[in-house]
Amino acid sequence: MPKAKGKSRRQKYSYNLNRKRLYRSARRRAAPRIACSHIRHAWDPTKSVAQNLAEMGLADDPNKAVPVPKKNLLGMEVESDGRKQGKKIVRKPYVVNEMEYEASLPEKKSNTLSRDLIDYVRYMIQNHGENYKASTGYEKNYYQDTPKQIKRKINVYKNFYPEEYKDFIASLKQEKMDVQ
């Protein structure tokens with residue numbers, strides 16, 4: 001298939017086009033992406049980022065919010081003049097309060113084990129107990145785990161579900177007592 005006529009020619013650079021201005025206008029139009037819902041609801045699109053954050057009691061520049069003491073040539077800290085910048089009025093203190101409350105909540109434990117892994121580990125414990133070598137040559141060992149890998153999976157199960165593991169072991173002991 002033949003090429004299109006204009007495609008093989010080199011593109012010419014346009015010296016008259018002001019790319020800097022195009023880039024700036026595109027940046028101005030884009031609204032800031034705000035992840036925190038508290039900030040998003042209190043945000044005023046008519047004000048600048050610095051003004052919005054100052055109203056909420058947040059810092060736009062962490063270096064200015066918590067100044068680092070300057071050191072002289074000998075490595076000793078130099079004291080400041082004692083001059084402080086004018087205090088900014090916080091008009092929306094509820095944003096910081098809500099964020100602090102949310103941060104103080106305990107974190108949920110979201111990591112869990114798959115149902116297949118739990119069933120696999122329970123099966124191995126039920127049939128072989130602590131004998132990991134015997135469990136390697138068994139038909140349920142689909143992935144051909146080594147004794148160390150099986151031991152590691154059982155330990156992970158113990159760490160994730162300690163109460164469930166204790167109950168499971170107690171039920172196994174109860175079954176053995178009933179059989180005898």
Side-chain angles (χ1 to χ4, degrees), residues 4 6-122 143 148-149 151-169:
K7 291 289 179 186
S8 62
R9 237 181 292 141
R10 192 173 148 262
Q11 294 286 325
K12 291 184 180 177
Y13 183 78
S14 175
Y15 289 96
N16 297 328
L17 187 62
N18 187 352
R19 286 172 180 77
K20 212 180 235 185
R21 191 185 77 219
L22 288 173
Y23 176 69
R24 281 187 192 149
S25 63
R27 272 185 48 211
R28 259 189 235 130
R29 274 181 267 141
R33 299 179 108 197
I34 303 168
C36 181
S37 63
H38 308 298
I39 296 174
R40 190 181 308 120
H41 292 301
W43 195 266
D44 186 4
T46 60
K47 296 181 180 175
S48 70
V49 174
Q51 289 172 337
N52 271 310
L53 292 176
E55 278 187 356
M56 293 177 211
L58 301 172
D60 60 333
D61 186 6
N63 295 324
K64 291 179 183 173
V66 183
V68 177
K70 295 182 180 178
K71 295 183 179 183
N72 63 7
L73 297 173
L74 300 174
M76 303 288 288
E77 291 184 9
V78 179
E79 292 183 21
S80 61
D81 304 351
R83 297 180 195 164
K84 292 186 177 178
Q85 295 179 351
K87 286 193 173 184
K88 296 178 181 178
I89 298 170
V90 180
R91 293 193 178 122
K92 301 174 184 176
Y94 60 89
V95 175
V96 175
N97 295 339
E98 289 172 355
M99 289 173 68
E100 285 176 351
Y101 172 73
E102 198 173 287
S104 69
L105 293 175
E107 189 175 331
K108 283 185 178 177
K109 216 177 186 185
S110 61
N111 39 351
T112 60
L113 298 178
S114 69
R115 190 74 238 165
D116 293 337
L117 182 65
I118 293 171
D119 293 340
Y120 173 76
V121 167
R122 286 178 145 221
Y143 301 110
K148 275 190 175 181
Q149 288 172 326
K151 183 178 180 181
R152 205 173 305 131
K153 286 181 181 181
I154 291 173
N155 286 335
V156 166
Y157 176 70
K158 284 180 190 178
N159 292 336
F160 271 82
Y161 306 104
E163 285 82 25
E164 191 176 315
Y165 177 75
K166 288 176 187 173
D167 294 340
F168 181 64
I169 295 297

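All residue numbers refer to positions in the sequence shown, counting from 1.
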Next item on the list: Answer yes or no: is there a donor N or O on one side and an acceptor on the other, between the side chain of K92 and the main chain of A42, under 3.5 Å?
Entry: yes

Margin query: Between I169 and Y165, is the side chain to side chain contact (heavy atoms under 4.5 Å, CB included) condition met? List the steps.
Written below: CA-CA 6 Å; I169 295 297; Y165 177 75; 3.6 Å; yes

Note to self: Taking D44's backbone N and O only, do any of them form a donor-acceptor pair with N52's side chain (distance below 3.5 Å, no angle check)?
What the structure shows: yes

Notebook entry, point to check: Considering only heavy atoms from C-beta outward, does the side chain of I39 approach that of M56 to under 4.5 Å?
Noted result: yes

Checklist line | Verdict with supporting geometry, W43 and L53, side chain to side chain contact (heavy atoms under 4.5 Å, CB included) | finding: CA-CA 8 Å; W43 195 266; L53 292 176; 4.2 Å; yes

Item checked: Spatial distance of atom CD (E100) from atom CG (L105) [nearest 0.5 Å] -> 12.0 Å

Check: Any donor and acceptor pair, going by atom type alone, linking the side chain of E98 with main-chain N or O of V95 inside 3.5 Å?
Finding: no

Margin query: Could you check whether any side-chain heavy atom of K153 comes within less than 4.5 Å of a side-chain heavy atom of L117, counting everything from C-beta outward?
Written below: yes

Item checked: Spatial distance of atom OG (S37) from atom CD (E102) [nearest 0.5 Å] -> 6.0 Å

Checklist line | Test item: R91 and I89 side chains (from C-beta on) under 4.5 Å apart, heavy atoms | finding: yes

Next item on the list: Taking ring-ring contact (aromatic ring centres under 6.0 Å, His included) as the test, write out the residues that go with Y161, two or more places apart.
Entry: Y157

Notebook entry, point to check: Less than 4.5 Å apart, any side-chain heavy atom of F168 and any of V121?
Noted result: no

Check: So does E164 pair up with R122, basic N to acidic O under 4.0 Å?
Finding: yes

